[in-house]
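Reviewing the structure listed below.
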Amino acid sequence: MKILVIGGGGREHALAWKLAQSPKATKVFVAPGNGGTALAGGKLENLPITDPVALREWAQAEKIGLAVVGPEAPLAAGVVDEFRAHGLKIFGPTKAAAQLESSKAFSKAFMQRHGIPTAAYDTFTDPVAAHAYIDKLGAPIVIKADGLAAGKGVVVAMTLEEAHAAVDFMLVDNKFGVQHNEGGARVVIEEFLAGEEASFIVLVDGKNVCALATSQDHKRLKDGDEGPNTGGMGAYSPAPVVTADVYGRAMREIILPTVRGMEKDGVPFTGFLYAGLMIDGQGQPKTLEFNTRMGDPETQPILMRLKTDFVDVLLAATDGRLDQVELEWDRRTALGVVMAAAGYPESPRKGDLISGLPAEADDAMVFHAGSQLDAEGKPRTSGGRVLCVTALADSVRQAQQRVYDVTRGIHFDGMQYRRDIGHRAIKS
């Protein structure tokens with residue numbers, strides 16, 4: 001079977017890598033892919049097409065048996081609708097269902113309507129009104145861009161000055177490059193929730209839900225959870241903070257009501273559903289946000305641990321048979337560390353030569369995100385988050401040691417990475 005992975009980041013490299021391990025996969029195309037998927041060879045092949053209609057026409061001509069969407073932008077552009085309208089099998093949400101991520105205002109109103117626990121909020125298009133609301137509530141406070149912002153459209157402002165600056169960035173200057181929804185620039189301003197974050201990702205076939213292994217992301221740029229928010233600087237799986245009780249609550253109070261609510265609203269959800277959770281001291285989870293795709297960098301450690309044939313899983317999901325699926329996981333911990341470009345997240349530099357990349361090992365893998373090959377076939381930086389070095393080991397500390405052993409051999413000018421990924425799990 002020929003398979004298509006839509007996207008070009010680290011998540012898509014991991015998806016393609018895992019799918020290519022299946023004996024059912026004869027070829028895995030990655031559109032557009034990156035330097036890592038280009039270097040991989042074997043079953044993987046990059047495809048320089050991004051337009052949804054052109055991709056669908058190509059998929060029809062190539063008789064693609066299964067497509068899976070990685071990033072949020074193609075989902076918001078309606079690539080799933082386009083493929084399904086022509087009888088092609090694709091895993092992901094429709095454009096309407098993808099609003100759970102593509103519009104924070106839609107998502108918050110949905111959660112309020114269906115009684116899904118989340119932070120209190122209000123939405124604004126007028127900067128003056130937004131600034132007045134911030135002054136009224138005080139800090140800490142959370143400012144979110146309504147549209148897609150590649151993981152950088154959330155500011156957890158610990159001071160009023162930060163909060164006011166975030167509103168100006170999003171509503172006035174648009175320094176985050178937000179893809180505004182209909183009606184123009186809009187922000188969601190939320191109460192600050194205290195606790196520990198975790199990523200809760202499931203597969204949904206419209207009715208049935210199959211949970212993936214738990215994971216925890218590290219959003220801040222610097223060690224000790226300091227610095228600006230990013231798209232994610234590292235992750236590990238499983239996440240000890242997601243106890244059996246938290247898991248049960250998340251499924252009962254957040255995931256299942258969301259799936260039922262979307263069905264009730266006439267917008268059945270299929271695809272990866274990612275609930276970003278904030279878990280308080282009493283083990284009560286609240287929803288920070290929804291993503292309608294797998295997380296990046298959570299995908300890398302999660303798929304390192306998955307032992308079940310991923311092609312079988314996605315075929316069951318596209319056929320409405322997720323209730324028949326049982327996933328098998330490697331008992332070990334997987335941990336991934338993102339190596340980011342100079343200047344990330346505000347102004348990442350491109351074009352730096354990447355050297356020292358190791359060969360793939362049974363317990364370690366370097367997934368590419370912001371990389372591309374130059375005219376001589378050498379990998380260079382092409383985005384903010386360049387690589388995600390991921391390893392498996394018997395404990396979080398051992399996985400951490402293995403990852404940092406690998407990162408020490410890799411070099412590109414100005415590279416930045418955290419030295420404490422997994423610190424919460426070690427502490428717990």
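Only a predicted model underlies this, so the values are computations on that prediction, with no experimental measurement involved.
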Subject >> Sidechain-backbone polar pair: Glu253 side chain, Ala250 backbone, donor-acceptor under 3.5 Å >> reply: no

Original post:
Got a donor-acceptor contact below 3.5 angstrom from the Thr270 side chain to the Gly92 backbone?
Top reply: yes

Original post:
Between Ser237 (side chain) and Thr214 (backbone), is there a donor-acceptor pair under 3.5 Å?
Top reply: yes

Original post:
If only atom types and distance count, is the side chain of Lys104 paired as donor or acceptor with the main-chain N or O of Lys144 below 3.5 Å?
Top reply: no

Original post:
Under a 4.0 Å N-O cut-off, is there an ion pair linking Lys219 with Asp225?
Top reply: no

**OP:** Indicate whether any N or O donor in one side chain lies under 3.5 Å from an N or O acceptor in the other, for Arg249 and Gln284.
**Re:** yes

Original post:
Under 3.5 Å, is there a donor-acceptor pair between the side chain of Asp223 and the main chain of Arg419?
Top reply: yes

**OP:** Is it possible for you to check whether Arg402 lies under 6.0 Å from the centre of the six-membered ring of Tyr404, through NZ or CZ, and within 45° of that ring's axis?
**Re:** no

Subject >> Geometric class of the Phe367/His13 ring pair [parallel <30°, tilted 30-60°, perpendicular >60°] >> reply: perpendicular

**OP:** Take the angle between the ring planes of His114 and Phe110 and call it parallel below 30°, perpendicular above 60°, tilted in between.
**Re:** tilted

Original post:
Ion pair present between Asp323 and Arg321, side-chain N to carboxylate O less than 4.0 angstrom?
Top reply: no

Original post:
Side chain of Asp420, backbone of His423: donor and acceptor closer than 3.5 Å?
Top reply: no

**OP:** Answer with yes or no after comparing the ring centroid distance for Phe124 and Tyr133 against a 6.0 Å cut-off, counting only values under it.
**Re:** yes

Original post:
Are the charged groups of Asp265 and Arg260 less than 4.0 angstrom apart, N to O?
Top reply: no

Original post:
Is a side-chain donor or acceptor of Gln416 paired with a backbone partner of Tyr344 at a separation under 3.5 angstrom?
Top reply: yes

Original post:
Got a donor-acceptor contact below 3.5 angstrom from the Lys286 side chain to the Asp280 backbone?
Top reply: no

Original post:
Does a side chain donor of either Ser199 or Asp217 reach within less than 3.5 Å of an acceptor in the other side chain?
Top reply: no

Original post:
Do Ser103 and Asp146 have side-chain N/O donor and acceptor atoms under 3.5 Å apart?
Top reply: yes

Original post:
Would you call Asp363-Arg332 a salt bridge at under 4.0 Å N-O?
Top reply: no

Subject >> Donor-acceptor contact below 3.5 Å, side chain Ser371 vs main chain His368 >> reply: no

Subject >> Short side-chain to backbone donor-acceptor contact, Asp205 and Thr318, under 3.5 Å >> reply: no

Subject >> Short N-O contact, Arg56 and Glu82, less than 4.0 angstrom >> reply: yes

Original post:
Do Asp352 and Arg349 meet the salt-bridge criterion of a basic N to acidic O distance under 4.0 Å?
Top reply: yes

